[in-house]
> 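Structure provided below as structure tokens; questions to follow.
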Amino acid sequence: QVQLVESGGGLVQAGGSLRLSCAASGRTFSLYAMGWFRQAPGKEREFVAHISWDGGRTYYADSVKGRFTISRDNAKNTVYLQMNSLKPEDTGVYYCAQSESQYGSSSRILYDHWGQGTQVTVSS
């Protein structure tokens, strides 16, 4: 059974940084792409970033490009999201997700396992 556990969220001032982690278990982590999504209150869950099975390909939403970096450590079964220059509009619950394939997607439907989420709050 696949489990994804996010950590690293919290309260930070605008312009600050946070690093989210997502520890995976239950199937061979290195075979699957991983993604990060977020959901603000009253809004739909939206794509943030994804990374291929080997870390060789990454892709970002325009809203975070140049500020966020997704990475993975297959030896530790962990994916990370480094978030810099945070803005109040980055506030939300951040979810990691495991794709059903080697290459990620910005579409939620292509991810078959999800974590419980971690809250990120950016104050102005």
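Residue numbers count from 1 along this sequence.
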> Looking at A33, is its backbone amide N or carbonyl O close enough to the side chain of S99 to form a donor-acceptor pair, meaning the two atoms are under 3.5 Å apart?
no
> Does any pair with a residue in residues 104-124 pass ring-ring contact (aromatic ring centres under 6.0 Å, His included), and if so which ones, sequence neighbours excluded?
F37-Y111, F37-W114
> Please find the pair of heavy atoms, one from S123 and one from L11, that lie closest to each other, and give the distance.
CB-CD1, 4.4 Å
> Side chains of Q116 and V5, heavy atoms from C-beta outward: is any pair under 4.5 Å?
no
> Run the salt-bridge test on K65 and D62 with the 4.0 Å N-O cut-off and return the result as yes or no.
yes
> Look at atom CD of Q3 and say whether more than 12 heavy atoms of other residues, nucleotides or ligands are closer to it than 6.0 Å.
no
> For S101 and Y103, indicate whether the former's side chain and the latter's backbone hold a donor-acceptor pair under 3.5 Å.
yes
> Are T91 and R38 close enough, and set up right, to give a side chain to side chain contact (heavy atoms under 4.5 Å, CB included), and what steps lead you there?
CA-CA 9 Å; T91 294; R38 66 187 181 188; over 6 Å; no
> How close do G56 and D54 get, counting heavy atoms only, and between which atoms?
N-OD1, 2.9 Å
> List, by chain and number, the other hydrophobic cluster members for L18, where Ile, Leu, Val, Met, Phe, Trp and Tyr join if side-chain heavy atoms come within less than 4.5 Å, directly or indirectly.
V2, L4, V12, L20, F29, M34, W36, V48, I51, Y60, V64, F68, I70, V79, L81, M83, L86, Y94, V120, V122
> Using a 3.5 Å distance criterion without hydrogens, assess whether the side chain of Q98 forms a donor-acceptor pair with backbone atoms of Y32.
no
> Okay, side chain of N74, backbone of W53: is any donor-acceptor separation there less than 3.5 Å?
yes
> Tell me if a side-chain donor or acceptor on R57 pairs with a main-chain N or O of G104 at a distance below 3.5 Å.
no
> Are the side chain of R67 and the backbone of S85 linked by a donor-acceptor contact shorter than 3.5 Å?
yes
> Is any side-chain heavy atom of S21 closer than 4.5 Å to one of K76?
no
